[in-house]
Amino acid sequence: IAAFIRRWSVVGFERVGVVGRIKLGRKGQDIFVQAASRLARQFPQARFLIVGSPFPGNEDQLRRLTLLIDALGIKDRVILTGEVEDIPAVFSALDVVVLPSGTPEPFGGVVIEAMALGRPVVGTAIGGTPEQIQDGVTGFLVPPNDPDALAEAVRELLADPVRREEMGRQGRRRFLE
């Protein structure tokens, strides 16, 4: 965990992240960075991490995401890590995990992995995600493709570390059950 935090120079920052293949629209990294741009001024201590890369042959997805980050003026706040070997360390290093999918995921492994490590999750209320996240208990459910709703849910967790920790504990409990 400490090595990951040092590697990406996020020591002392609150860390909000998305883990998964970069696929705009489908996986929602574009919605995530739009939400990050809405939070950047209010939370100068927050960093937004995108862990993963596009499938080989789809590098245009990464280029488009980088252009969006630049256009939003938040390139100093968003960190694109590419592939990371130690995914449990990534989840453990994040304060808030986000699954901003724009299309349904039958059972997003990201949610259960984050909950297993005691992290609150903000996910879109489609596919199998509502079966995993207990809205307001283990995290928040938001409409897909809605950067304002996503930003508001993340804002609640960044503004209230005690609630964030409790949701993480409840997520861990749910995972064990």
Verdict with reasoning, R173 to E166, per salt bridge (Lys or Arg N to Asp or Glu O under 4.0 Å): CA-CA 11 Å; R173 178 197 51 77; E166 179 57 24; over 6 Å; no
Evaluation steps, side-chain contact (heavy atoms from CB on, under 4.5 Å), between V111 and T129: CA-CA 7 Å; V111 174; T129 304; 4.2 Å; yes
Trace of the side-chain contact (heavy atoms from CB on, under 4.5 Å) decision for T81 with I50: CA-CA 6 Å; T81 70; I50 298 174; over 6 Å; no
Pair V84-F4, side-chain contact (heavy atoms from CB on, under 4.5 Å): steps then yes or no: CA-CA 9 Å; V84 174; F4 177 83; 4.2 Å; yes
Worked check of side-chain contact (heavy atoms from CB on, under 4.5 Å) between I5 and R15: CA-CA 9 Å; I5 292 170; R15 298 168 296 274; 3.5 Å; yes
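Residues L117 and P88 meet the side-chain proximity criterion, which asks for heavy atoms closer than 4.5 Å. Inter-residue side-chain proximity for L80 and I69 is flagged as met; some heavy-atom pair is nearer than 4.5 Å. Put simply, the side chain of V121 does not reach to within 4.5 Å of the side chain of V98, judged on heavy atoms. Inter-residue side-chain proximity for I22 and K27 is flagged as unmet; no heavy-atom pair is nearer than 4.5 Å. Side-chain atoms of V97 and F91, non-hydrogen and from C-beta on, do get closer than 4.5 Å to each other.
Atom CG of residue L49 and atom CZ of residue R47 lie 9.5 Å apart, to the nearest 0.5 angstrom. Here S37 contributes atom OG and F32 contributes atom CZ; the two are 11.0 Å apart, rounded to the nearest 0.5 Å. Expressed to the nearest 0.5 Å, how far CZ of F48 lies from CZ of F13 amounts to 11.5 Å. One finds the CZ atom of R174 at 13.0 Å from the CE atom of M167 (value rounded to the nearest 0.5 Å). Separating the CD1 atom in I31 from the CG atom in D146 is a distance of 8.0 Å, to the nearest 0.5 Å. For the atom pair R21 CZ and R26 CZ, the distance stands at 13.0 Å (nearest 0.5 Å).
Nearest heavy-atom pair across I1 and S92 is CD1-CB, 3.3 Å.
Checking side-chain atoms of Q34 against main-chain N and O of D30 turns up a donor-acceptor pair under 3.5 Å. Not one N or O on the side chain of D95 forms a donor-acceptor pair closer than 3.5 Å with the backbone of V16. A distance-only check finds a donor-acceptor pair linking the side chain of R119 to the backbone of L94 [under 3.5 Å]. In terms of modelled atom types and a separation under 3.5 Å, the side chain of D135 and the main chain of L141 share a donor-acceptor contact.
By the 4.0 Å N-to-carboxylate-O rule, E177 lies too far from R172 to be salt-bridged with it.
Because its NZ or CZ atom is not both nearer than 6.0 Å to the ring centre of F43 and within 45° of the ring axis, R155 does not count as a cation-pi partner of that residue.
For the side-chain contact (heavy atoms from CB on, under 4.5 Å) with L62, the qualifying choice from N58, D60, T66 is T66, the only one to do so.
No side-chain donor from either of T138 and Q134 sits under 3.5 Å from a side-chain acceptor of the other.
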